[in-house]
Amino acid sequence: MGQREGSDGPSDRSRRRSLQILLAGTAGLVAAPLVPIAFPEAQAHVHSAQGKKQRQWAMVIDLRKCDGCRKCTEACQTEHELPKSFEWIKVFEVKDKQGREYFMPRPCFQCESAPCLRVCPTGATFRDDEGVVLVDQVYKCIGCRMCMAACPYGARSFNYADPPTPAHPFVNPTPQHPVPQIKGTVGKCMFCVHRTEDGKLPACVEACGMEAIYIGDLVEDVATNGHETVRLSTFIRENDAFRYKEELGTAPRVYYIAGHGQLLDA
Amino acid sequence: MDARTRALYVERAVWPIGKGDRNFWLAVVVLSAMVAGGLYAWVYQLQRGLWVTGLNQKVSWGFYIINCVFFIGMSYGGAMTSAILRLTNAKWRAPLTRIAEATAVAALLVGAVYPIIDLGRPDRFLNVIRYAQVGSPIVWDVVAIGTYTIASFVFLYLPLIPDLAIAREALGSRTRILSPIYRVLALGWRGTPSQERALARGIGIMAVLIIPLAVSVHSVLAWLFAVTVRAEWHSTIFAPLFVLGAMFSGVAAVIIVVAALRRVYGLQPFITAKHFRYLSYLLVALGLAYVYFMISEYLTEGYVFEESTTPVLESLLTGAYAPAFWSFSIGGLVLPLVIAALPGRFPVARACVASALVIAGMWLKRFLIVVPGMANPIVPWDWGRYQPTWVEIAITAGSAAAIPLMLIVFFRFFPVMSVHELDEVEGVYEPPVPRVAPAFSGGD
């Protein structure tokens, strides 16, 4: 009894209390940085609520129209002065389970829950106010290629070598206009934000002779392939558009319209 | 243990110090040449860029990431062996701990360089600290490897302190140059009871600490893969599998190093067949656990045969990577376990053969984790290919040579076996009982 009373004395109680505070504090310290990881959506909302009404870019690719000419890839390579092996928008030849063949251009999907963004150690990969995932090649990217391991769509390219000699040698690259690319860093499709800023269409949209690629804005709810303008939500709904590997939970901003009778999950 | 045996032990422990016989210099020259070759290849790569490697847009991680996991795993086994033997107070540990701890540091120093070799912009490496994003597994890696590096140095250094005094005494005139270095490093060690107590406590704490630290390092390395959405990497068993694989290959590495140094430095009277038998038991136990983990992983994957994991699993079992996979499973796992587990003659030779197979097999296993996972057509219409170039091979060979080089150089300056520890387990003096505050008695 005496022992127990002694152990409940003031010094012991305060020690226990300070231990509790210490533990809680430590837990808080450890947990605090995890909040943005655990709730990336919450942050995104805070972010977009701050600015004025903004565009939120999205893309629709009509697979019924694509004939696999790869003009989009070429236009992209010219626009960003990329070597021929770089396919920021890559046209896959797909044979579905029923043996039907079709083409599927794959740009970066600008995922709303982007795996590449989450794993980047330096924050070189970031999302701009309009929902486009960009890479800071100039200062931050260290070339660890963790993002390439993380991207489930293979949308990223690493600059193993220097890009071809630039056509405009005096332009300094920025995340919004990453031309020329920088050796040792990772690059990817960025929805041509340097063009859309000026009201121009992305290079691939403009180059597509089949008018298969639509660039759209989720806020204004419109999309255009440069020839016709559609109401984005209706267009997606009425054509049963799907998002590639949607089950991964990445929430891509690129929609596909299937049309050759192929299975929707490709 | 009588005084004569102890004298011989001390003599053998300090024998390599300051000795530059022909074999030593020959080894130094050969190993240095290999290391120089690796460094040349690295400089070649730094000047030109990563295109000189076999890496490409599909398979963007290759030899460097494999080697990082491989060498850090090896280090982990050394540290764990020593820590476990200390914590279980295994009496036979005395001649082994120093070698195990030194192997841990040497392998770690090599493994820790690999993430930097792998970077596209190594000049920006400090961005990981400057702009650190806590959500990134790369940042976890840097923190974990950094902490573990410090800890494994301390773990090597603490038990060395009392040995410095013993070595100085034993070496006599041979230490003219080393004496001042020893004095500085010994931190005024005189072997007083309070110093002994502090040291015992320090080593005890480190032995306990090094285990969670090493577990964390290898778990984080596993999460580098497991947090991605690539189906064959995105596995809950990855962290324990990596930890176990590290211990497995690490114990094999310790066996090889111990066997080599035993022969070179004439430690046979003290490191006997018994030691190799015990280490073999450890190897077999870890190997069996690894087999179990692997079966658990592949059975659950293969039974369901889910669409996302199918391509890689098929390529491993029957496809392009099947030769490597079955070489590893049989030659690197089953065969060495049989060789090491069977009772009978030549325990030392068998332990060495089994360990060599395990080391080669575990390298292959890391290859089979990294490369097929990368080459897997995640957009399901294009398999990647990976063919390493001479640059990657030269860097790999050079880094492997760096480990024995570091070890023989280290043991040219410091005793190869712990004398103080021997005194402790043999009871030459009373080991001080660390004062642990009684937990529930309300203090004193």
Side-chain angles (χ1 to χ4, degrees), chain A residues 3-4 6-9 11-12 32-34 36-37 40 85-87 90 92-95 104 106 115 117-124 136-137 139-146 148-162 182-186 244-245 248-250 265-266, chain B residues 46 48-53 55-61 64-65 115-116 118-142 223-225 227-231 233-234 307-308 370 373-374 376-382 384 440-443:
Chain A
Q3 273 282 345
R4 192 171 297 163
S7 70
D8 253 339
S11 77
D12 232 275
L34 298 178
I37 308 166
S85 59
F86 273 46
E87 295 168 297
K90 180 171 179 146
F92 286 100
E93 253 183 84
V94 188
K95 201 176 211 172
M104 178 175 150
R106 184 236 45 216
L117 194 151
R118 224 176 292 151
V119 299
C120 179
T122 62
D136 181 349
Q137 297 179 325
Y139 298 109
K140 287 191 175 172
C141 179
I142 58 170
C144 66
R145 311 190 289 295
M146 182 75 211
M148 296 175 71
C151 175
Y153 308 109
R156 287 173 163 259
S157 304
F158 181 72
N159 289 283
Y160 284 98
D162 274 314
I182 296 173
K183 186 172 84 174
T185 64
V186 174
Y244 186 58
K245 289 194 192 176
L248 296 177
T250 50
D265 67 351
Chain B
L46 284 172
R48 288 162 181 78
L50 279 174
W51 63 265
V52 299
T53 67
L55 300 169
N56 51 65
Q57 302 299 357
K58 277 291 290 177
V59 184
S60 54
W61 281 349
Y64 300 147
I65 298 291
I116 299 172
D118 187 64
L119 289 187
R121 292 295 301 254
D123 55 312
R124 293 185 187 165
F125 175 67
L126 288 178
N127 280 8
V128 176
I129 294 153
R130 209 167 143 202
Y131 303 112
Q133 301 289 306
V134 281
S136 168
I138 301 268
V139 173
W140 306 344
D141 260 334
V142 170
W223 290 332
L224 205 62
F225 304 97
V227 301
T228 66
V229 286
R230 286 168 192 261
W233 286 355
H234 185 57
E307 203 179 336
S308 54
V370 174
M374 273 279 168
N376 171 29
I378 38 174
V379 179
W381 311 289
D382 62 335
F440 299 107
S441 66

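Note on naming: letters A, B, ... go to the chains in the order of the sequence lines (proteins, then strands), and numbering restarts at 1 for each one. The figures that follow rest on heavy atoms only: side chains count, while hydrogens, waters and symmetry mates do not.
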Practice task
Specify which of B:Leu119, B:Asp123, B:Val139, B:Val227 makes the most heavy-atom pairs with chain A at under 4.5 Å.
Solution key: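 Answer, by heavy-atom pair count under 4.5 Å with chain A: B:Leu119.
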
Exercise for the section: Under 4.5 Å, counting heavy-atom pairs only, tell me which of B:Thr53, B:Asn56, B:Ile116, B:Val52 racks up the most with chain A. Expected result: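 When all of B:Thr53, B:Asn56, B:Ile116, B:Val52 are compared, B:Asn56 has the most.
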
For the atom pair [atom1] ([X]) and [atom2] ([Y]), what is the distance rounded to the nearest 0.5 Å?
| X | Y | atom1 | atom2 | value |
| --- | --- | --- | --- | --- |
| B:Arg121 | A:Asn159 | CZ | CG | 10.5 Å |
| A:Ile142 | B:Asp118 | CD1 | CG | 9.5 Å |
| A:Thr185 | B:Arg124 | OG1 | CZ | 6.5 Å |
| A:Cys144 | B:Phe125 | SG | CZ | 10.5 Å |
| B:Met374 | A:Met148 | CE | CE | 7.5 Å |

Practice task
Return the option, out of A:Gly154, A:Ser157, A:Pro115, with the maximum number of heavy-atom pairs under 4.5 Å with chain B.
Solution key: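 Greatest number of close heavy-atom pairs with chain B: A:Ser157.
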
Problem - Most contacts with chain B, counted as non-hydrogen pairs under 4.5 angstrom, among A:Ala161, A:Gly249, A:Ser85 - result: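 Ranked by contacts with chain B, first place is A:Ala161.
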
Handout entry: Side chain to side chain, B:Leu55 and A:Arg145, heavy atoms closer than 4.5 Å
Key =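 Yes; the side chains approach each other to less than 4.5 Å.
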
Practice task
May I ask you to test the B:Gln57-A:Tyr160 pair for a side-chain heavy-atom distance under 4.5 Å?
Solution key: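 Yes; the side chains approach each other to less than 4.5 Å.
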
Mind listing the closest non-hydrogen atom pair of [X] and [Y] along with its distance?
| X | Y | result |
| --- | --- | --- |
| B:Trp233 | A:Ala149 | CZ3-CB, 3.9 Å |
| A:Pro152 | B:Val229 | CB-CG2, 3.3 Å |
| B:Leu224 | A:Met146 | O-CE, 3.0 Å |
| B:Gln133 | A:Thr122 | CG-C, 3.7 Å |

Contacting region of [X] [heavy-atom separation from chain A under 4.5 Å]:
| X | answer |
| --- | --- |
| B:Val370 | neither |
| B:Ile129 | neither |
| B:Arg48 | backbone |

Exercise for the section: With a 4.5 angstrom heavy-atom cut-off, could you sort out which part of A:Cys141 is near chain B: side chain, backbone, both or neither? Expected result: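 Contact with chain B is through both the backbone and side chain of A:Cys141.
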
Practice task
Select one option (side chain, backbone, both, neither) describing which atoms of A:Cys120 are under 4.5 Å from chain B's heavy atoms.
Solution key: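 Interface part for A:Cys120: backbone (N, CA, C, O).
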
